[in-house]
Amino acid sequence: MKAALHKFGAVCLALVVLFSTLSFTVDMHYCGRTLVDFSLDQADNCLMKSLMPEDSSACESMKKMRCCTDVEITFEGQDELKMNFDQLTLNQQVFIVAYAYTFIDLLQPAEENRIPFDGYPPPILVQDIQVLYETFLI
C-alpha cells in the first residue's frame, strides 16, 4: 500500500511539473458571434467566403463589414525550471557528479544467495571445546 501511494504521488508531481512548464497557443476564428474554427495550430480563414460565389454583392458587403475576427490565446509556461549544467558553479557541478557516482552502484542488481565464506571449510574439531573447558551458556 505504501509503495503504491509513493508511486501515485510521484506520478502526480511529475504531471504538475509537466503541465506547469507546458506552453501552447489556441487560435479561434469567429464569423459574427459564431465560432467557425478552433485550432491549436493555425485556424482557417472564414468559411463563409467559400460558401458565397465570387461575383455576388453579398461577398463585397461582407468584406466591407469585416464581421470575421481571429482570436489568439497564448498560455505561457514557466521557464524557471529549465537549468543547464553550464549555469551551475564549479562546487555544484562537483557535488552532482560525486552524488551520482556514489549512488550508481545502488541501481545495479544484487547477486542472489551470495555466501562470503563459501571457499573456506570449517575447522576440524578433535574435541568439543565447550565440554573440555566446561563452559556452557545458560
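In this chain, numbering begins with 1 at the start of the sequence shown.
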Let me confirm one number: the NE2-OG1 distance from H29 to T69, rounded to the nearest 0.5 Å. 7.0 Å
Separation between CD1 (I96) and CG (N91), nearest 0.5 Å, reads 11.5 Å
Heavy-atom nearest pair, L18 first then T21, reads O-OG1, 3.1 Å
To check you understand the geometry: which heavy-atom pair defines the closest contact between S20 and V17, and what is its length? OG-O, 3.0 Å
Give the cluster check for L22 versus L15: same hydrophobic cluster or not, with ILVMFWY residues linked at side-chain heavy-atom distances below 4.5 Å. yes
Which residues share a side chain to side chain contact (heavy atoms under 4.5 Å, CB included) with [X], sequence neighbours left out:
X	answer
F75	F24, V26, I73
T34	none
Y101	none

Would you please name every residue forming a ring-ring contact (aromatic ring centres under 6.0 Å, His included) with F19, sequence neighbours left out? none
So the ring-ring contact (aromatic ring centres under 6.0 Å, His included) pairs with at least one residue in residues 102-126 (sequence neighbours excluded) are Y99-F103
Transitive ILVMFWY cluster of I129, excluding itself - 4.5 Å side-chain cut-off: L132, Y133
Can you check whether E72 reaches D70 side chain to side chain, under 4.5 Å on heavy atoms? no
